[in-house]
2 protein chains.
Amino acid sequence: MARPQAFNTTEALHQAMNVFWHKGYEATSMADLLAATGLSKSSLYAAFGGKRELFVAAFDAYREAREREMRRMLAHRPAREAIEGFFRKIVLDAGDGDPSRGCMSINQAVEMAPRDPEIRGRVLQDFTLIEEALAEAIARGQAEGSVGDAYDARHLARLLVLAFPGLQIMVRAGSDRARLDDSLNSLLFMLDRDH
Amino acid sequence: MARPQAFNTTEALHQAMNVFWHKGYEATSMADLLAATGLSKSSLYAAFGGKRELFVAAFDAYREAREREMRRMLAHRPAREAIEGFFRKIVLDAGDGDPSRGCMSINQAVEMAPRDPEIRGRVLQDFTLIEEALAEAIARGQAEGSVGDAYDARHLARLLVLAFPGLQIMVRAGSDRARLDDSLNSLLFMLDRDH
DNA sequence: GCTATTCTGGACCAATCGGTCCCCAACTGC
DNA sequence: GCAGTTGGGGACCGATTGGTCCAGAATAGC
């Protein structure tokens, strides 16, 4: 054993992830990734393989982080507030910091999923993951009375899962805040008790 | 005046549009466009300018065609059926023919809109276009009694506009038909009279 | 301090990118 | 049929793409 690695692998992965999140796969060049991570070409190739492998690793890191975050937010009580918080965070992230990134899974549903089965599988899995988590939260909310029970939980969950990419895409396309809030409120209204 | 153009310009534009629709902007090479249109390089450049100009022209052609189609479908009566038809067509297009294309405006909301103001403007305009058309159809449906009036038209329109990208993206990501239908039914249920 | 091993900067690669240009063929108007 | 003009095939361009490789620097174990 000799000469330890001079960079933090997970940190480099995180920075690569951010570039891919912003620019997507095709529009990101190795030069971009080198600049973002600060690594030299040989180091990056040695650590991650090629561009595609790096992308997949970055995507998986993203998905894991986001899933954890979703579960954390949806665990709050009452469930109605938890769900609202989950969706409000999407539009909050829009204004915060640099231009809109949206959700990387949604972005990849557009870019890679149609032609790359490996990515497609991950994207589809993310959809079911979100639906299950939301359905669970809604059921809990209905049991405790914070969410209206005019519609059954699965039904509402499907509606929210359908709206999720909608919000993410409006964010990424740069919709203004007022419009995002309007849409969001229309959506959350469905969770209310009466009607 | 001499030697007439040997190709149909709008036809070539249409074929270019299809490539861009499938692959997006970055992933489409000039070689792809040449192959799809059957033109030679000089002809294509003379007729449309560069790749970007061709893309914008193709995108505009797409948007115009789709807007016309939307208005035609939403004009049907009763309004409830018109709206249902509009959304059902999205999932019908999925199975029909080659792998999923989704909606080019939604795809571009992800790919180009964040970094290209000209495209962003068009995408945002498309969102309002759809919302207005839906709001109008919903109001008509409520007046004639085919759409429930538990929620006001603007409210419902926002919900549908939010769900529109959701469906398009599920289609593009290759969701199976059963899931698409489930989501669609959950959405359309919101239009019903009772509740 | 020596040696063995690992890491890293950057030269180098072929392929492909979008784009330009020239020259000949084709066609219209007379 | 001739003159004049325009269209189009394809050679060519520099820049950039993702990727390989090697020589030398750095460091651990002894």
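Quick note: numbers below take in every heavy atom, side chains included, and nothing from hydrogens, waters or symmetry partners. In what follows, every chain begins at residue 1, and chains take the letters A, B, ... in the order their sequences are listed.
Rounded to an integer number of Å, the gap from CG of B:L33 to C1' of C:dC17 is 13 Å. What separates CG of A:L44 from C1' of D:dT20 is a distance of 14 Å, to the nearest Å. Taking atom CG of A:L39 as the reference point, atom P of C:dG10 lies 13 Å away to the nearest angstrom. In this structure, CE of B:M30 is placed 11 Å from P of C:dC17, rounded to the nearest angstrom. Per the geometry, CZ belonging to B:F7 stands 13 Å off C1' belonging to D:dG9, to the nearest Å. Between A:Q5 atom CD and C:dG9 atom P there is a gap of 12 Å when expressed in whole angstrom units. The nearest whole Å value for the distance from the CD atom in B:E26 to the C1' atom in C:dT16 is 14 Å. One interatomic measurement links the two molecules: CG of B:L34 to P of D:dG9, which rounds to 9 Å at whole-angstrom precision.
The shortest distance between the side-chain N/O atoms of B:S29 and the OP1/OP2 oxygens of C:dC17 is below 4.0 Å.
B:S40 comes within 4.0 angstrom of a base, heavy atoms only. Among the protein residues, B:S42 comes within range of the nucleic acid bases, having at least one heavy atom under 4.0 Å from a base atom.
A:T37 places a side-chain N or O within donor-acceptor distance of the main-chain N or O of A:L33, the cut-off being under 3.5 Å. A donor-acceptor pair under 3.5 Å is absent between the side-chain atoms of A:R101 and the main chain of A:W21, judged by distance alone. Looking at B:E131, its side chain never comes within 3.5 Å of a backbone N or O of B:A157 through a donor-acceptor pair.
For the pair A:K51 and A:Y25, the cation-pi test (distance below 6.0 Å, angle within 45°) is passed.
Considering only the side chain of B:Y45, C:dG19 comes nearest among C:dC17, C:dG9, C:dG19. Ranking C:dG10, D:dT17, C:dG9 by closeness to the A:K41 side chain, first place goes to C:dG10.
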